[in-house]
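Structure, as structure tokens:
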Amino acid sequence: MMTADKIKGLITIVDGVSLVGEFSIDKAGSLTGRIAVATGVGSDGLVWEVIISPTYPFKAMGQESIQFFNKSLLDYPHIMQRGNLCMHPAEFEDAESQFINDLKQLKEWVDRYYVRGEKDAHYEHIVVNHYLIRDAYYTYCFAETEGDIVDGDFGIVHYAVLKNGQKNDSPVRNYIVQQFVSYKQVKKKEMPCRISLFYRKLRSFDGVYCLLNNVPSVHNKFIVEDYDAIKGLFSQSQKNYIHSFVEAHKGKYDFFPLFCGYRIPGGGVHWQAMMIFMEDLPIVPIRVGTGKNRLWFTDFKQGAIQWAETEDISYKYFFGRGSMPEDLANKKVLIMGVGAIGSIIAETLTRCGAKNLTLHDIDIKEPGNVCRSAYPFYTSINEKTLDLELLLKQISPHVECASLKSEFDLAIKGYAATSKDVTALAGLFDEFDVIFDCTTDNQLMRVMDAIETKAQVVNLSITNHAQDLICAFSPNVTETVLLVYGLLKRDVDADMYNPTGCWNPTFKASYNDISSKAQYAMKHIIRMLSGVEPKSNFYITEDEMDLNIHRL
């Protein structure tokens, strides 16, 4: 535990930091005091107020347990609205080492940003504090648009309702922007957001958007908080349009979002959304002139702005923390068989940024499928493809996902059984770039080999108890799969799971058994399909210590 005496002794260790008065304990039990950091400019140094929480050196509720304050530095990087320095220090086991490190980091900030006047290379969005608005939080997700939004633009924003959430024991009203419709010109211009059709086709509600002529900020990093301070950033045409929207929607909506856009480095547009309530409008009509020269304009009155939270879910941000290479993400992928392996593959591709997936399976999802597949129980009995399709769309707003009818299997097998030339079936598959065959259907496997489609076929199968996973690339999938099963010499009929009723037995394995090998396989498959590593057939085995990949 830190004490005033410990602080006094530790400060003497750090060169360039000095104590200004004594530290004491406040009513909250925190240690408070003042220190000065030498700047080389003048003799007094830069003075900081320090507050050290009783939990120091541990963070609590996501907050650092030490704070350095100087409200005169608001124009400098990483100084927040209360004047506190935003810090993310390295962690140490004991309070003494942590305190010395924190002082050194403070010194580094002073030298870098205050003395040398450096600026960060990466752009940071303006800071918006999110408060409850009429007992709820409001959040709007948006994405880049198809087509550019021109300077000074304004019009309608269409948005849809998402599932409600909860934050800090209060409800969160979640929404997603579908498109912007410009009304600046006589002929309106639609600019859909780059999100999947699933979200674009949800029931729409209307709001207003205006692209402002400057960033609505104070100190170039904090959002303005009063209507009187922001009204100069709207053109008169934009203000008048807001008024016309209000007049047209009175009695229809209790509230609407007013999206305020501004350009960010790189040319993109970021949006902040005000919550406007019809019963308490922040706009007023203003009369200019008298008689025949009398004109009415719209303007904002004084009052606190109620800012909603906004999130940019454009593809580059949504998958910014990790995705597959873009060339692979853009390919059209068919997954045949969405049971244990296929459903995991489909979910993995979706979370890695796949944009175009088609699913095929002849089976119905039942409760017994949930334990080792990527299905929820909540949707109960459903076609596997439809159930998984809905799940994938809920995961990513950027995946277009469709399903083939189960009769597709009948069409393939029927043609293969009656025709001597099955290569004519290639047209059914050539529209895809990659086909994952996870059916473990040997008949289909042989037909796919004979078709010789242009698509890259990837056949995945797994042995009983998920002892091994086999991956074979076209051509000659059948030959490879039979070769590997011959090498492994597994007894495929031993200790199978036999459900009640008249039904074929199936292999035993938990979700973890299957997923661990499927994910390891997908890591290499993605690299192979992207050209990062040579494409080769392989199988995965497991020993007591590790998973092992064997390339053929």
Side-chain angles (χ1 to χ4, degrees), residues 126 128-142 149 152-161 164 170-184 188 203-218 222-262 269-290 294-310:
I126 57 178
V128 182
N129 295 313
H130 303 119
Y131 303 105
L132 284 170
I133 301 174
R134 302 195 175 192
D135 299 320
Y137 295 99
Y138 289 80
T139 299
Y140 292 85
C141 293
F142 66 91
I149 297 179
D153 202 4
F154 57 84
I156 297 288
V157 57
H158 296 301
Y159 66 94
V161 178
N164 286 342
S170 297
V172 181
R173 313 297 185 201
N174 292 308
Y175 307 93
I176 185 170
V177 176
Q178 297 163 306
Q179 70 170 347
F180 297 84
V181 184
S182 175
Y183 280 83
K184 185 178 182 183
K188 67 179 183 180
R203 181 188 175 190
S204 293
F205 297 86
D206 294 346
V208 177
Y209 79 90
C210 298
L211 186 57
L212 305 182
N213 56 37
N214 212 331
V215 181
S217 67
V218 179
F222 307 121
I223 195 82
V224 296
E225 296 183 339
D226 191 279
Y227 288 111
D228 195 48
I230 200 176
K231 64 182 180 181
L233 303 182
F234 291 84
S235 70
Q236 191 58 57
S237 296
Q238 291 173 332
K239 295 174 186 176
N240 292 343
Y241 183 79
I242 296 168
H243 173 74
S244 68
F245 178 90
V246 169
E247 292 298 312
H249 291 79
K250 279 183 177 178
K252 297 179 181 179
Y253 295 154
D254 294 328
F255 68 88
F256 68 91
L258 171 55
F259 280 78
C260 303
Y262 58 92
V269 174
H270 191 79
W271 298 97
Q272 301 293 163
M274 302 175 179
M275 297 303 300
I276 307 294
F277 292 88
M278 291 294 195
E279 64 184 38
D280 185 23
L281 293 170
I283 57 174
V284 291
I286 297 175
R287 187 178 69 180
V288 178
T290 57
R294 183 176 60 184
L295 296 174
W296 288 91
F297 296 99
T298 301
D299 211 342
F300 289 97
K301 59 184 180 182
Q302 286 187 333
I305 299 173
Q306 300 182 97
W307 289 110
E309 183 176 0
T310 57

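When reading the values below, keep in mind they use all heavy atoms of this one structure, side chains included, and skip hydrogens, waters and symmetry mates. From a predicted model like this one, the values you see are computed outputs, not experimental measurements.
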- prompt: Closest approach of G261 and V269, non-hydrogen atoms and distance?
  reply: CA-CG1, 4.1 Å
- line: Contacts of K252 meeting salt bridge (Lys or Arg N to Asp or Glu O under 4.0 Å) (sequence neighbours excluded), chain-then-number -> none
field: Nearest non-hydrogen partners of Y140 and A273, listed with the distance
entry: CD1-CB, 4.3 Å
query: Mind checking what makes salt bridge (Lys or Arg N to Asp or Glu O under 4.0 Å) contact with D226, not counting sequence neighbours?
result: none
- prompt: Is there side-chain contact between V208 and F154, with heavy atoms separated by less than 4.5 Å?
  reply: no
task: Check whether any side-chain heavy atom of D228 sits under 4.5 Å from a side-chain heavy atom of K301, and report yes or no.
output: no
task: May I ask you to test the F142-Y209 pair for a side-chain heavy-atom distance under 4.5 Å?
output: no
Output side-chain donor-acceptor pairs under 3.5 Å for residues 232-242, partner residues at least two apart or in another chain, one line each.
| from | atom 1 | to | atom 2 | distance (Å) |
| --- | --- | --- | --- | --- |
| S235 | OG | Q238 | N | 3.1 |
| Q236 | NE2 | N240 | OD1 | 3.0 |
| Q236 | NE2 | T298 | O | 2.9 |
| Q238 | OE1 | S235 | N | 2.9 |
| Q238 | NE2 | G152 | O | 3.4 |
| Q238 | NE2 | D153 | O | 3.1 |
| Q238 | NE2 | L211 | O | 3.0 |
| K239 | NZ | K231 | O | 3.1 |
| K239 | NZ | D299 | OD1 | 3.0 |
| N240 | OD1 | T298 | N | 3.3 |
| N240 | ND2 | Q236 | O | 3.4 |

Point-to-point distance, once rounded to the nearest 0.5 Å, from CZ of R134 to CG of D280: 6.5 Å
query: What orientation do Y253 and F245 show, parallel under 30°, tilted 30 to 60°, or perpendicular over 60°?
result: tilted
field: Flag if over 12 foreign heavy atoms under 6.0 Å of CG, D135
entry: no
task: Would you mind reporting whether I149 and S182 have side-chain heavy atoms less than 4.5 Å apart?
output: no
- request: Using a 4.5 Å cut-off on heavy atoms from C-beta on, say whether the side chain of L132 contacts that of Y137.
  value: yes
query: Mind checking whether H158 and V177 have side chains closer than 4.5 Å, heavy atoms only?
result: no
task: Flag the pair Y138 / F255 as yes when their ring centroid distance falls below 6.0 Å, and as no otherwise.
output: yes
pair V218-E225: side-chain heavy atoms closer than 4.5 Å: no
Atom of M278, atom of H249 and distance for their closest heavy-atom approach: CE-O, 3.7 Å
query: Do F205 and Y175 have their ring centres less than 6.0 Å from each other?
result: no
query: Taking the side chain as C-beta and beyond, is there a heavy-atom pair between P216 and I223 under 4.5 Å?
result: yes
message: Please give me the minimum heavy-atom distance between A136 and R173, naming the atom from each residue.
response: CB-NE, 3.9 Å
